[in-house]
Amino acid sequence: MSYWSWDPSLSVGVDVIDGQHRRIIDYINELDAANLARDKSKITEVLQGLVDYTITHFSFEEDLMLRAGYPLSDSHKKVHEAFIAHIHKYVEQHEQGVDISRQLMSELQIWLTNHIKNDDQDYSPYVKKSLNKQQSWIGKTLKKMFG
Ligand SMILES: [Fe+2]
């Protein structure tokens, strides 16, 4: 049983974004598995991957919103920045030997669910409308950001 499963209520109607949200959920499930196995080096590795991937995803989403002419792009970006700063505090605690996995997973699940269902679904119509024009940018940027 995984800790958290993606479900259609979390869809923003944009495949490339849904795919990235699913990957974040996969990371959270990997963190759960590493935590249950009490594998500290695996926890460190997954945590780093989760944080790096989330930062890259936010940056991709911010560029996409901006290109789509979404009027609340700036405030959405600030929400991302505040959340990243918050996550970095967890990473620091982990580096100091504090067991943060469960609290982090639970907070990520609550925060992401709210964020996707409110902030992300709000930009959805703008991004969907501009999607045809963005295809070549999306292809290039995915390669550049995610390899
Ligand atoms: Fe977002």
Side-chain angles (χ1 to χ4, degrees), residues 1-36 42-95 98-147:
M1 244 333 244
S2 55
Y3 180 81
W4 186 18
S5 301
W6 188 89
D7 71 80
S9 75
L10 294 169
S11 176
V12 298
V14 178
D15 287 348
V16 67
I17 296 292
D18 285 350
Q20 291 172 12
H21 288 153
R22 282 169 182 262
R23 183 65 189 100
I24 293 173
I25 291 174
D26 286 345
Y27 267 118
I28 294 168
N29 288 327
E30 284 172 37
L31 186 58
D32 181 47
N35 187 45
L36 290 173
K42 187 73 185 168
I43 292 174
T44 304
E45 184 193 313
V46 177
L47 201 54
Q48 197 55 58
L50 171 65
V51 172
D52 288 349
Y53 188 89
T54 303
I55 291 172
T56 310
H57 158 67
F58 282 169
S59 154
F60 178 84
E61 201 179 64
E62 287 157 13
D63 287 354
L64 190 60
M65 279 187 289
L66 208 58
R67 294 178 68 89
Y70 177 56
L72 300 177
S73 295
D74 267 3
S75 56
H76 194 135
K77 187 175 177 178
K78 289 201 176 88
V79 170
H80 286 168
E81 283 165 357
F83 189 64
I84 291 295
H86 183 64
I87 294 298
H88 275 135
K89 284 191 197 133
Y90 273 106
V91 174
E92 274 167 31
Q93 280 183 284
H94 169 75
E95 282 163 357
V98 183
D99 180 5
I100 47 90
S101 298
R102 283 210 75 81
Q103 202 187 335
L104 175 63
M105 287 186 295
S106 138
E107 214 171 292
L108 278 172
Q109 184 176 22
I110 294 165
W111 189 89
L112 278 169
T113 302
N114 281 326
H115 182 68
I116 292 170
K117 289 189 177 181
N118 295 294
D119 300 343
D120 289 350
Q121 287 179 353
D122 195 62
Y123 70 58
S124 175
Y126 291 85
V127 169
K128 274 203 277 193
K129 218 194 270 176
S130 80
L131 220 47
N132 280 341
K133 283 182 275 168
Q134 310 285 356
Q135 285 312 321
S136 85
W137 176 85
I138 289 174
K140 270 187 281 177
T141 307
L142 285 179
K143 213 174 269 175
K144 192 172 78 190
M145 284 186 171
F146 295 97

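Numbering of ligands and ligand atoms starts at 1, following listing order.
- Salt bridge E45/K42: present, at least one basic N to carboxylate O contact under 4.0 Å.
- Tested against Y3, the residues L31, L36, D32 include a single side chain to side chain contact (heavy atoms under 4.5 Å, CB included) partner, D32.
- Relative orientation of the H115 and W111 rings is parallel, given thresholds of 30° and 60° on the angle between their planes.
- Between Y53 and Y27, the angle of the ring planes lies from 30° to 60°, which puts this pair in the tilted group.
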For residues 10-19, dump all side-chain donor-acceptor pairs below 3.5 Å to protein atoms at least two apart in sequence or in another chain.
unit_1 : atom_1 : unit_2 : atom_2 : d
S11    : OG     : G13    : N      : 3.0
S11    : OG     : D18    : OD2    : 2.7
D18    : OD1    : V12    : N      : 2.9

Determine, stepwise, if the pair H76 / D122 fulfils side-chain hydrogen bond (donor to acceptor under 3.5 Å, both in side chains). CA-CA 10 Å; H76 194 135; D122 195 62; over 6 Å; no
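- For the Fe ion (ligand 1), the set of protein N/O/S atoms nearer than 2.8 Å consists of E61 OE1, H76 NE2, H80 NE2, H115 NE2, D120 OD1, ordered by chain and number.
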